[in-house]
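Below is one structure; the comments refer to it alone.
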Amino acid sequence: MAPVKVLGSAAFTNVARVLVCLEEVGAEYEIVDVDFHAREQKGPDHPARNPFGQVPAFQDGDLTLFQSRAISRYVLRKHRTDEVNLLREGDPKESALVDVWLDVEALNFDPAMRSVFYQHRVAPALGRIPDEKIIGESVEKLRKVLEVYEAQLTKHRYLAGDFLSLVDLSHFPETHYFMGMPYAAVFDAYPRVRAWLEELFDRPAVKKVISLMAQDFN
C-alpha cells in the first residue's frame with residue numbers, strides 16, 4: 001500500500017497535528033513540501049487540494065482531505081485497533097467527551113495560542129512591531145483556559161478522561177512553540193497541566209514530530 005501524502009511543512013502546527021496521529025498509529029506517510037515563499041499554496045494546483053490555499057492537504061489514494069482535525073480523525077479511524085483507539089469510538093460516552101474537549105481545544109485554546117504566536121514570531125518576520133496589548137489579552141484568555149484544564153486534570157489523567165486521545169495530541173504543536181517564548185511561565189501556576197504536558201511530550205510520536213518541526217523550521 002502506498003504511503004499517504006501530507007502536503008505542507010512539519011513546521012506548521014496544523015501539519016504537525018496530522019503527523020503525530022500518523023506516528024501514533026504507525027502509518028506510512030510522505031511529507032510533500034508546499035513552498036510558501038513562492039506562494040505555491042495560492043498557485044493553480046494546491047487550491048484543488050485545499051480550497052482555502054492553506055496547509056495541510058492530505059491524499060490517500062483518490063481521497064483528498066483538508067482541515068487538520070478532520071484529517072486526524074480520518075487517520076485515527078482508518079487505523080483504529082483495540083490498542084490504539086484515540087477517538088474512543090465504540091464507547092458513545094467516551095467518544096462524546098473526546099468531541100467536547102476537542103472543540104474546547106479548537107475554540108478556546110488554539111485562538112489564544114495562535115494569537116500570541118503570530119504577534120511574537122510572525123509579525124516581526126513580516127517587519128511589523130508585535131502588539132503587546134494583543135499578546136497580553138491572549139495570555140489572559142489562555143490563563144482562563146488553563147484554569148479549566150487544571151480542574152479537569154485533578155479528576156482525570158488526560159483531558160477527555162483517563163485515556164489518551166486526539167484531544168491531548170492536538171495540543172502539542174502550538175504548546176511546543178509557546179514553551180520557547182517569554183510567556184511560557186503562565187503554565188507554572190498549573191502543576192497538573194505541567195505534568196500532563198510533560199507526559200505528552202515524552203511520547204515517542206511527539207518527540208519524532210518535534211524533530212521534524214525543528215528541521216523544517218530551520
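Everything quoted here is computed from the prediction, not taken from an experiment.
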Exercise for the section: Check whether any side-chain heavy atom of Glu105 sits under 4.5 Å from a side-chain heavy atom of Leu159, and report yes or no. Expected result: no
Practice task
Enter the distance from Glu23:CD to Lys208:NZ here, rounded to the nearest 0.5 Å.
Solution key: 4.0 Å
Handout entry: Flag, side chain of Tyr177 to backbone of Ala11, donor-acceptor distance under 3.5 Å
Key = yes
Practice task
Please state whether the rings of Tyr149 and Trp196 are parallel, tilted or perpendicular, taking 30° and 60° as the class boundaries.
Solution key: perpendicular
Practice task
Would you mind reporting whether Arg192 and Gln152 have side-chain heavy atoms less than 4.5 Å apart?
Solution key: no
Problem - Distance (rounded to the nearest 0.5 Å) between Arg194 CZ and Leu146 CG - result: 10.5 Å
Practice task
Could you check Leu126 against Val122 for side chain to side chain contact (heavy atoms under 4.5 Å, CB included), going step by step and ending with a plain yes or no?
Solution key: CA-CA 6 Å; Leu126 297 175; Val122 179; 3.9 Å; yes
Practice task
Check for a donor-acceptor pair, side chain of Ser115 on one end and backbone N or O of Ala112 on the other, with a separation under 3.5 Å.
Solution key: no
Exercise for the section: Check the side chains of Ser170 and Arg17 for a donor-acceptor pair under 3.5 angstrom, ignoring hydrogens and angles. Expected result: yes
Handout entry: Taking every non-hydrogen atom, the tightest pair across Ser138 and Val116
Key = CB-CG2, 3.6 Å
Problem - Ring-face cation of Arg88 near Phe163 (centre distance under 6.0 Å, axis angle within 45°) - result: yes
Fill in the blank from the handout: Heavy atoms of Leu200 and Val206 approach each other most closely as O-CG2, 3.4 Å
Practice task
Run the numbers on Ile31 and Leu212 for side chain to side chain contact (heavy atoms under 4.5 Å, CB included), then give the verdict.
Solution key: CA-CA 10 Å; Ile31 300 174; Leu212 296 174; 4.2 Å; yes
Handout entry: Donor-acceptor contact present, side-chain Gln119 to main-chain Asp131, <3.5 Å
Key = yes
Practice task
Would you name the heavy atoms of Asp162 and His156 that are closest together and state the gap between them?
Solution key: OD1-CA, 3.3 Å
Handout entry: Shortest non-hydrogen contact from Ser9 toward Val15
Key = O-CB, 3.2 Å
Handout entry: Check: Phe172 and Thr13 side chains under 4.5 Å, non-hydrogen atoms
Key = no
Exercise for the section: May I ask you to say whether Lys133 pairs ionically with Glu137, meaning some side-chain N is under 4.0 Å from a carboxylate O? Expected result: yes
Handout entry: Side-chain ion pair, Arg203 and Glu24, N-O less than 4.0 Å
Key = yes
Problem - Check: Glu94 side chain, Gly161 main-chain N or O, donor-acceptor pair, under 3.5 Å - result: no
Problem - Distance, nearest 0.5 Å, that separates NE2 of His176 from CG of Leu197 - result: 12.5 Å
Practice task
Evaluate the side chain to side chain contact (heavy atoms under 4.5 Å, CB included) criterion for residues Met213 and Phe12: first the C-alpha distance (whole Å), next the side-chain angles of each, then the deciding distance (0.1 Å), finally the verdict.
Solution key: CA-CA 8 Å; Met213 293 168 79; Phe12 288 90; over 6 Å; no
Handout entry: Flag side-chain contact, heavy atom, 4.5 Å: Lys78 against Asp60
Key = yes
Problem - Shared hydrophobic cluster, Leu19 / Leu63 (ILVMFWY, side-chain heavy atoms < 4.5 Å) - result: yes
Exercise for the section: Flag yes if Leu97 and Val145 sit in one hydrophobic cluster, no otherwise; membership is Ile, Leu, Val, Met, Phe, Trp, Tyr, and two members link when side-chain heavy atoms are under 4.5 Å apart. Expected result: no
Handout entry: Heavy-atom donor-acceptor pair, His171 side chain to Val167 backbone, under 3.5 Å
Key = yes
Exercise for the section: State, with a plain yes or no, whether a side-chain heavy atom of Tyr29 is found less than 4.5 Å away from one of Phe58. Expected result: no
Practice task
Is it possible for you to say whether Ile134 and Ile129 belong to one hydrophobic cluster, with membership spreading through side-chain heavy-atom contacts below 4.5 Å?
Solution key: no
Practice task
Rounded to the nearest 0.5 Å, what's the gap from CZ on Phe117 to CE on Met181? Could you check?
Solution key: 5.5 Å
Exercise for the section: Flag the pair Lys144 and Glu147 as a salt bridge only when some basic side-chain nitrogen lies within less than 4.0 angstrom of an acidic carboxylate oxygen. Expected result: no
Practice task
Indicate if Val193 and Val100 have the same hydrophobic cluster label, given that clusters are the connected sets of ILVMFWY residues with side-chain heavy-atom separations under 4.5 angstrom.
Solution key: yes
Handout entry: Check against side chain to side chain donor-acceptor pair (under 3.5 Å), Glu89 and Ser95
Key = CA-CA 6 Å; Glu89 292 188 331; Ser95 62; over 6 Å; no
Exercise for the section: Determine whether Arg73 and Leu166 make a side-chain contact, defined as any pair of heavy atoms from C-beta on separated by less than 4.5 Å. Expected result: yes
Practice task
Compare all side-chain heavy atoms of Leu22 with those of Val6 and state whether any distance is below 4.5 angstrom.
Solution key: yes
Problem - Leu87 versus Val98, closest heavy-atom pair with distance - result: O-CG2, 3.9 Å
Handout entry: Minimum-distance pair of heavy atoms, taken over all atoms of Ile71 and Pro56
Key = CD1-CG, 3.8 Å
Exercise for the section: Just do the side chain to side chain contact (heavy atoms under 4.5 Å, CB included) check on Phe66 and Leu7 with the steps written out, would you? Expected result: CA-CA 10 Å; Phe66 59 98; Leu7 291 92; over 6 Å; no
Exercise for the section: Keeping the roles fixed (side chain from Asp168, backbone from Ser165), state whether a donor-acceptor pair exists under 3.5 Å. Expected result: yes
Problem - Check: Arg69/Tyr74 side-chain N/O donor and acceptor closer than 3.5 Å - result: no
Problem - 4.5 Å side-chain heavy-atom contact, Met113 and Thr175 - result: yes
